[in-house]
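Data first, discussion second: the structure below is written as structure tokens.
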Number of protein chains: 2
Amino acid sequence: MKRQPIPRRDPDAKPDPPRWLNHQEWSAWLQLLGTVTLLPAALDSQLQREAGMSHFEFGVMVALSRQPDRSLQLKDLAVVANGSLSRLSHVISRLEGRGWVRRRSGPKGRATHAVLTDEGYRTLMVVGPIHFREVRRLVFDVLTAEEVRALRQVAGRINSGLIGELNLGTLARQTRERSKRQSS
Amino acid sequence: MKRQPIPRRDPDAKPDPPRWLNHQEWSAWLQLLGTVTLLPAALDSQLQREAGMSHFEFGVMVALSRQPDRSLQLKDLAVVANGSLSRLSHVISRLEGRGWVRRRSGPKGRATHAVLTDEGYRTLMVVGPIHFREVRRLVFDVLTAEEVRALRQVAGRINSGLIGELNLGTLARQTRERSKRQSS
DNA sequence: TATACTTAGTTGAAGCGTCAACCTATTCCA
DNA sequence: TGGAATAGGTTGACGCTTCAACTAAGTATA
């Protein structure tokens, strides 16, 4: 790994891999990849072992618990939990099966609300401290206050660009149909 | 059943959800969760659409391409790609099916190496630029050089703590057997 | 040299997420 | 008012990841 991507060299050697990012970026990219891969895996693993739930399920329940009436319309819940409506629908069904959440069809026809049951709330009160102790251990204990600030800022910037990328399947369909309509 | 597990207050009101993190931490946590959820989803989605491969598969191939002989022992490849050996084994099988990677059992009995084929390398040369253009758009275009530095540092710190959390299944088994042995 | 243990890797089943198709209210607009 | 378009939600199939069990090779112990 001491050669350049473009220039020609020893005929039998394979070409060096190209450098798609500069050195600073590559280094940051590797670290970021590590975090976005390892951190969810660690959280999922811990929650699964100690509480038999996935991190996504936990996030859904936390989001509900923070509402005054412990309920949220699925569409909004999906956004808060960073998941697709389809995924959420499946998850709500599973949580209903465990008695932690109920579906309640709101007054407005289509809309469906998910409601955290008392049993779900009690479960959360047990699991929450355990989980956030782990979060603290894995994330906040290793960061200074200044780094926490930087984390919020950097992640926030990345997320801003990410908003609107969600539901790409749906968007793709819409776009397809839109252009079909235009071409007819 | 509308009462509180622990604190007493206005009888009809549900208790406020507990604050497991302080305000700074909670805010940073929400942003971090957004990134670790949304960014992999966006990358996976783009790679799937434009190249029919997952981000993990892409990462495996990139890792191989960066080796002088375009090959790596599975155990090491698993670490570089941030995945379990089991996951990697399945993925290598799929990549073999597409002719992008081959397995080669090394001279040392057990060890198995994955080798990037020429076809795999050519594919990577096409997909790489497309993918990293997206990475640049989603990550580096929205960050200043200073923020990139901070990103590397913060993610690096988090990852340090995460190392050793991997292969928890295996660790759990080992621990179990160890204690079984001790107690007998 | 026999025995136990560890390490590397594979495999199949089970569970989860994505995608596409679908259904049904609601809104738009002519 | 009638129709198309859209928004909210559900469902089933398929593919991927995890987990546990397993094989087999290497290593340590006695």
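Just so it is clear: chains get the letters A, B, ... in the order the sequence lines come, proteins before strands, and each one is counted from 1.
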*asked:* Using the side-chain heavy atoms of His90(B), tell me which of these nucleotides is nearest: dA8(C), dT18(D), dT10(D).
replied: dT18(D)
*asked:* Just the rounded figure in Å: distance from P of dG9(D) to CG of Leu72(A).
replied: 10 Å
*Rounded to the Å, how far apart are Gln46(B) CD and dT18(C) P?*
16 Å
*Please report, rounded to the nearest Å, how far the C1' atom of dG15(C) is from the CD atom of Glu57(A).*
10 Å
*Just how far, in rounded Å, is P of dC19(D) from CZ of Arg49(A)?*
9 Å
*Return the nearest nucleotide to the side chain of Leu85(B); candidates are dA8(C), dT18(C), dG9(D).*
dA8(C)
*Please report the C-alpha distance between Leu64(A) and Leu124(A) in whole Å, then the side-chain angles of each, then the deciding distance to 0.1 Å, and finally whether the side chain to side chain contact (heavy atoms under 4.5 Å, CB included) criterion is met.*
CA-CA 11 Å; Leu64(A) 291 177; Leu124(A) 202 54; over 6 Å; no
*Quickly work out the Leu47(B) CG to dG15(D) C1' distance and round it to whole Å.*
16 Å
*When the ring planes of Trp29(A) and Phe132(B) are compared, do they come out parallel, tilted or perpendicular, using 30° and 60° as the limits?*
perpendicular
*Classify the side chain of Arg110(A) versus the base of dA7(D) as yes if they form a donor-acceptor pair under 3.5 Å and no if they do not.*
yes
_Comparing Val91(A) and Leu88(B) on DNA chain C - which has the more 5′ nearest nucleotide_ = Leu88(B)
*Among Arg136(B), Arg152(B), Arg149(B), whose salt bridge (Lys or Arg N to Asp or Glu O under 4.0 Å) with Glu25(A) holds?*
Arg136(B)
*Look at the side chain of Arg94(B) and decide which nucleotide, out of dG9(D), dC16(D), dG9(C), has an atom nearest to it.*
dC16(D)
*Return the minimal non-hydrogen interatomic distance between Val60(A) and Leu77(A), and the atom names on each side.*
CG1-CD2, 3.9 Å
_Strictly below 4.0 Å: does Thr112(B) bring a side-chain N or O up to OP1 or OP2 of dA8(C)?_
no
*Round to a whole Å and report the spacing from CZ of Arg87(B) to P of dA20(D).*
17 Å
_Whole angstroms only, please: what is the CZ-P distance between Phe56(B) and dT18(D)?_
8 Å
*Using the closest heavy atom to pick a nucleotide of DNA chain D for each, name whichever of Gln48(A) or Leu74(A) lands nearer the 5' end.*
Leu74(A)
*Separation of dT18(D) P from Asn82(B) CG (nearest whole Å)*: 12 Å
*asked:* Over all strands shown, is Ser86(B) touching base, sugar-phosphate only, or nothing at heavy-atom distances under 4.0 angstrom?
replied: base
*asked:* One pair to check against side chain to side chain contact (heavy atoms under 4.5 Å, CB included): Leu151(B) and Gln31(A). What are the steps and the verdict?
replied: CA-CA 8 Å; Leu151(B) 172 60; Gln31(A) 299 296 343; over 6 Å; no
